[in-house]
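Only one structure is covered here, and it is reproduced in the block below.
Both ligands and their constituent atoms are indexed starting at 1 by order of listing. As the structure is a computational prediction, the values presented were derived from the model and not from experiment.
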Amino acid sequence: MTHSTSDTPPPRIVVMGVSGCGKSTVATLLAARLGVPYVDADDLHPAANVARMSAGIQLTDDDRAPWLDTVAAAIAAAPDGVVVACSALRRSYRDRLRAGAPGTVVVHLDGTPELLAARIGARTDHFMPASLLGTQLATLESLADDEPGTVLDVTATPDELADAAATWWRDHGSAPAIAQASGLAQVTETGANGRARP
Ligand SMILES: Nc1ncnc2c1ncn2[C@@H]1O[C@H](COP(=O)(O)OP(=O)(O)OP(=O)(O)O)[C@@H](O)[C@H]1O
Ligand SMILES: O=C(O)[C@H](O)[C@@H](O)[C@H](O)[C@H](O)CO
């Protein structure tokens, strides 16, 4: 499937948010819509990180730093683009991803604590305990206005969210100004970043 031309960069999209917001679900659907691979950053955590989370211990910045570098390397290594489900909770984490994988844009899945807790509570097949949602939310720094990306409300269905993300990418995410703002070196055009909050 063709998802980009010589005029547009390949999609480098991180679907971010706290545990249970729907990153894996939506990123999988979005990758299919764009015809690019899907990567779950949870699969790239070192075993020690998974063990900590499974034991109900939140990760620290130091725990996350090498993992984020691994995630960035996976994005940078995907020649035709990729959609990655990755919590990327802090601005500094996203800066790290953009430094390692220039051109990366972000889809932030946002929801109320009550809705997120209900979705996590209904899940039985995941290492992440519901008890860590509070620290996930406390760590979260929402997407800032100068960060290329969009924020979506997770009360929508997964298909609606994937459609909105794909539309945002096609209308805004692949624009030269976005690519520049997210650090894609070869793009030099300037202008508004086309940020959308559907
Ligand atoms: N938009 C949605 N509407 C209703 N249910 C959803 C939606 N998105 C995801 N879900 C459900 O919510 C739960 C959490 O979704 P998912 O596992 O994709 O979240 P996640 O952010 O990847 O979580 P984690 O980071 O903990 O792996 C799953 O049971 C999933 O089926
Ligand atoms: O940075 C983190 O704390 C982690 O990436 C977590 O967010 C989980 O891995 C993920 O959400 C799965 O529940």
Checklist entry - If you measure from each heavy atom of Gln58 to ligand 2, is any distance below 4.0 Å? => result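 Outside the 4.0 Å threshold, so no.
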
Checklist entry - Hey, does Tyr93 sit under 4.0 Å from ligand 2 if you only count heavy atoms? => result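 Tyr93: no contact with ligand 2 (<4.0 Å).
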
Do the side chain of [X] and the main chain of [Y] share a donor and acceptor less than 3.5 angstrom apart?
X      : Y     : value
Trp169 : Leu30 : no
Arg94  : Ala88 : yes
Arg96  : Asp69 : no
Lys23  : Val18 : yes
Asp63  : Thr60 : yes

Checklist entry - Same cluster for Val50 and Leu59 if Ile/Leu/Val/Met/Phe/Trp/Tyr side chains link at under 4.5 Å? => result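 Same hydrophobic cluster.
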
Sub-4.0 Å atoms of ligand 2 with respect to non-hydrogen atoms of [X]:
X     : answer
Met53 : 4 (C), 6 (C), 8 (C), 9 (O)
His45 : 4 (C), 5 (O), 9 (O)
Trp67 : 1 (O), 5 (O)
Lys23 : 11 (O)
Ser19 : 11 (O), 13 (O)

Next on the checklist: As an exercise, state the distance from CD of Gln58 to CG of Asn49, rounded to the nearest 0.5 Å.
Outcome noted: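 Answer for the CD-CG pair, Gln58 versus Asn49, is 12.0 Å.
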
Answer yes or no: is there an ion pair linking [X] with [Y], defined by an N-O contact shorter than 4.0 Å?
X      : Y     : value
Glu141 : Arg90 : yes
Asp159 : Arg33 : yes
Asp80  : Arg12 : no

Item to check | For atom 9 (O) of ligand 2, the protein heavy atom that lies nearest, with its residue and separation | outcome: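 Looking only at protein heavy atoms, the one closest to atom 9 (O) of ligand 2 is Asp42 OD1, 2.5 Å.
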
Checklist entry - Considering only the protein, which heavy-atom contact is closest to atom 2 (C) of ligand 2, and what is its distance? => result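 Ranked first by proximity to atom 2 (C) of ligand 2 is Arg64 NE, 3.3 Å.
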
Next on the checklist: Counting only heavy atoms and a distance below 4.0 Å, can you name the residues contacting ligand 1?
Outcome noted: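 Contacting ligand 1 under 4.0 Å are Val18, Ser19, Gly20, Cys21, Gly22, Lys23, Ser24, Thr25, Asp42, Arg119, Arg123, His126, Val154, Ala156, Thr157, Pro158, Leu161.
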
Checklist entry - Does an N or O from Ser87, backbone or side chain, lie closer than 3.5 Å to an N or O of ligand 2? => result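 Checking ligand 2 against Ser87, an N or O pair does fall under 3.5 Å apart.
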
Next on the checklist: Applying a heavy-atom cut-off of 4.0 Å, say which part of Gln136 lies close to ligand 2: side chain, backbone, both or neither.
Outcome noted: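 Answer for Gln136: side chain.
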
Item to check | Results of ring pair (Phe, Tyr, Trp, His ring centres under 6.0 Å) for His108 - residues two or more places apart only | outcome: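 Partners of His108 under the ring pair (Phe, Tyr, Trp, His ring centres under 6.0 Å) test: none.
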
